[in-house]
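Here is the structure we will look at, set down as structure tokens.
Along the sequence shown, residues carry numbers from 1. Both counts, for ligands and for their atoms, begin at 1 and track the order of listing.
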Amino acid sequence: MTKVPLRTRLFISHLIVMTVAIVALAGVSRLSTPRYFVVTLERLEGRGVRIQQMRGQILESFADAWARGMVWSVLLGVSTAGGISYLLSSRIIRPLTRMEQSTQRFAAGDWGARVPPSEIPELHQLGHSFNRMASELEQVEQQRRDLVSDLSHELRTPLTILRGYLEALTDQKLPATPETYARLLRETQRLQRLVEDLQELSKLETGYLPIQRQPIALTPLIQQVTQRFRDQQLESENPQILVESALDLPTIVADPMRTEQILVNLLSNALQYTDNGTITVRTWHQADQVWLAVEDTGIGIAAADLPHVFDRFWRADRSRNRGSGGTGIGLAICKRLVELQGGHIQVTSQPHQGSKFEFWLPKAT
Ligand code: ADP
């Protein structure tokens, strides 16, 4: 079946409408006008005007004049309406053609291709929807590229270290001491942690990590987690872990395991970046939000770095934290976990004074 282009279809449909209108007009006029004319003549005769002998001639001339008038009207009408129809069809087709070109460019890999605005509201809306979808796809593509490049960068360092050690051991330039093996083990553990964290983040981002939300009391969870951290501190009292929990704290709707994971992450960070002073876990509630803050008196984060702390792989000092085993994924996971549970996480910090990570989760209704 041959496909007729939209422009031709529109044009033909206009022509059909026009032809029907003209035929109807001409038909009705052809039938009714002579009758009205005869009535007019009879009225004239009634008033005493003598047209008896010329009646036939008058009627004939009228029919002739009517036919000529009709031919000119049809010619003028068809050409004017045809021209307007052509212009209108083109006006509708032009933005559609531009839209098609943009989508083809986009499909061919030009991620910046966008549909220009149109003065026809429906087409403008369609173009706007396409542009929004294109921007989202462009962002996803950018994230994919960033992930691949970040990932190769993160994997390269431990792999280079491992390779260096193994080559030195093979060439017997390095003694095969327990320290050397311990270093090798540390690097492989780091790689393993990186892969595990990444897998978790990827599951979170693609929505494969199930979140089982239920009403839970936050205070007992905080007591339990902070006690575990205090136990791990052994003899050391520094930094001191304090809990300041609101007495009338409402229950929240959240996944207990995931909430614990967020708290553990924030507390581990606070401990890692605080040598002296205190780490305080504080809770309060505001409208239907239950807040939890982990505040430390540690090294803090520079103002310029704050917008990046929740980005994956981001670390304030890449080399220093890599040595301490940080992957820069922990906070990205926290953010996703909080958001998946309907909440929000934020950070405030002063370099050399401390950081405060706070998040809220919805109150149980
Ligand atoms: P990491 O595994 O490196 O700790 P995170 O995503 O948990 O990864 O943290 C990202 C970076 O944010 C850390 O490397 C560190 O530079 C900074 N950071 C996180 N928490 C704190 C904190 N409490 N005090 C100072 N810096 C912090």
Side-chain angles (χ1 to χ4, degrees), residues 143 146-147 150-151 153-158 161 186-205 209 222 225-226 229-230 232-233 236 238-244 258-282 291-340 343-359:
Q143 279 174 355
D146 289 351
L147 175 65
D150 285 349
L151 192 57
H153 183 266
E154 291 303 314
L155 289 174
R156 196 173 303 130
T157 313
I161 297 174
R186 259 206 313 279
E187 286 307 321
T188 41
Q189 278 166 342
R190 223 192 83 72
L191 271 176
Q192 192 174 1
R193 219 192 111 193
L194 182 67
V195 172
E196 280 165 6
D197 281 359
L198 254 176
Q199 199 178 18
E200 171 125 340
L201 184 65
S202 141
K203 276 192 200 155
L204 277 172
E205 284 184 348
L209 206 75
I222 297 171
V225 173
T226 44
F229 272 88
R230 282 192 204 104
Q232 280 167 18
Q233 278 185 307
S236 160
N238 236 338
Q240 209 185 346
I241 302 174
L242 305 172
V243 178
E244 286 177 16
R258 301 294 165 201
T259 311
E260 182 177 330
Q261 193 181 351
I262 303 167
L263 184 57
V264 168
N265 248 321
L266 296 182
L267 274 172
S268 318
N269 277 351
L271 272 170
Q272 187 165 357
Y273 301 108
T274 311
D275 290 332
N276 281 307
T278 52
I279 294 169
T280 314
V281 182
R282 198 169 286 126
W291 285 82
L292 190 157
V294 177
E295 196 169 352
D296 64 52
T297 53
I299 60 169
I301 302 165
D305 290 339
L306 280 179
H308 305 290
V309 288
F310 295 107
D311 293 352
R312 59 168 180 244
F313 297 124
W314 186 87
R315 293 182 297 257
D317 179 345
R318 288 199 152 210
S319 46
R320 182 195 68 206
N321 292 339
R322 185 177 283 126
S324 64
T327 58
I329 300 179
L331 286 176
I333 291 180
C334 285
K335 186 169 191 288
R336 282 303 291 158
L337 283 176
V338 171
E339 285 171 359
L340 278 174
H344 173 74
I345 187 165
Q346 61 199 39
V347 57
T348 42
S349 186
Q350 284 285 331
H352 313 297
Q353 294 196 8
S355 312
K356 180 160 79 173
F357 284 87
E358 46 191 357
F359 66 91

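Residues I333 and L331 have side chains not in contact (no heavy-atom distance under 4.5 Å, counting atoms from C-beta outward). Residues D275 and N238 have side chains not in contact (no heavy-atom distance under 4.5 Å, counting atoms from C-beta outward). Under the 4.5 Å side-chain criterion, counting only non-hydrogen atoms from C-beta, E358 is not in contact with V347. Between D197 and L201, the closest side-chain pair of non-hydrogen atoms is not below 4.5 Å.
Side chains of Q261 and R258: a donor on one and an acceptor on the other come within 3.5 Å.
Here's the thing with F357: none of its N/O atoms is less than 3.5 angstrom from an N/O atom of ligand 1. Any N or O atom pair closer than 3.5 Å counts here, and Q272 shares no such pair with ligand 1. Here's the thing with G328: one of its N/O atoms is less than 3.5 angstrom from an N/O atom of ligand 1. Geometrically, ligand 1 and R315 share no nitrogen or oxygen pair separated by less than 3.5 Å. The shortest N or O to N or O distance between I299 and ligand 1 is not below 3.5 Å. Residue I301 has no N or O atom closer than 3.5 Å to an N or O atom of ligand 1.
Within the structure, the closest approach of G298 to ligand 1 does not fall below 4.0 Å when heavy atoms are considered.
Residues meeting the side chain to side chain contact (heavy atoms under 4.5 Å, CB included) test with Q240, sequence neighbours left out: L242, T278. Listed by chain and residue number, L155, L198, F313 satisfy the side chain to side chain contact (heavy atoms under 4.5 Å, CB included) test with L151 (two or more places apart in sequence, or in another chain).
Heavy-atom contacts of G300 reach the following atoms of ligand 1: 25 (C) (cutoff under 4.0 Å). Taking a cut-off of under 4.0 Å to the non-hydrogen atoms of I329, the atoms of ligand 1 that pass are 6 (O), 8 (O). Near S355, with a cut-off below 4.0 Å to any heavy atom, the atoms of ligand 1 are 22 (C), 24 (N), 25 (C).
The closest donor-acceptor contact from the side chain of S355 to the backbone of T348 lies at 3.5 Å or more, if one exists at all. Of the possible donor and acceptor atoms, one in the side chain of Q233 sits under 3.5 Å from a partner among the backbone N and O of P239.
Only side-chain heavy atoms of R193 come within less than 4.0 Å of ligand 1; its backbone N, CA, C and O stay farther off. At a heavy-atom cutoff of 4.0 Å, ligand 1 is contacted by both the backbone and the side chain of A316.
When L331, D197, N265, V347 are ranked by how near their heavy atoms come to atom 5 (P) of ligand 1, first place goes to L331.
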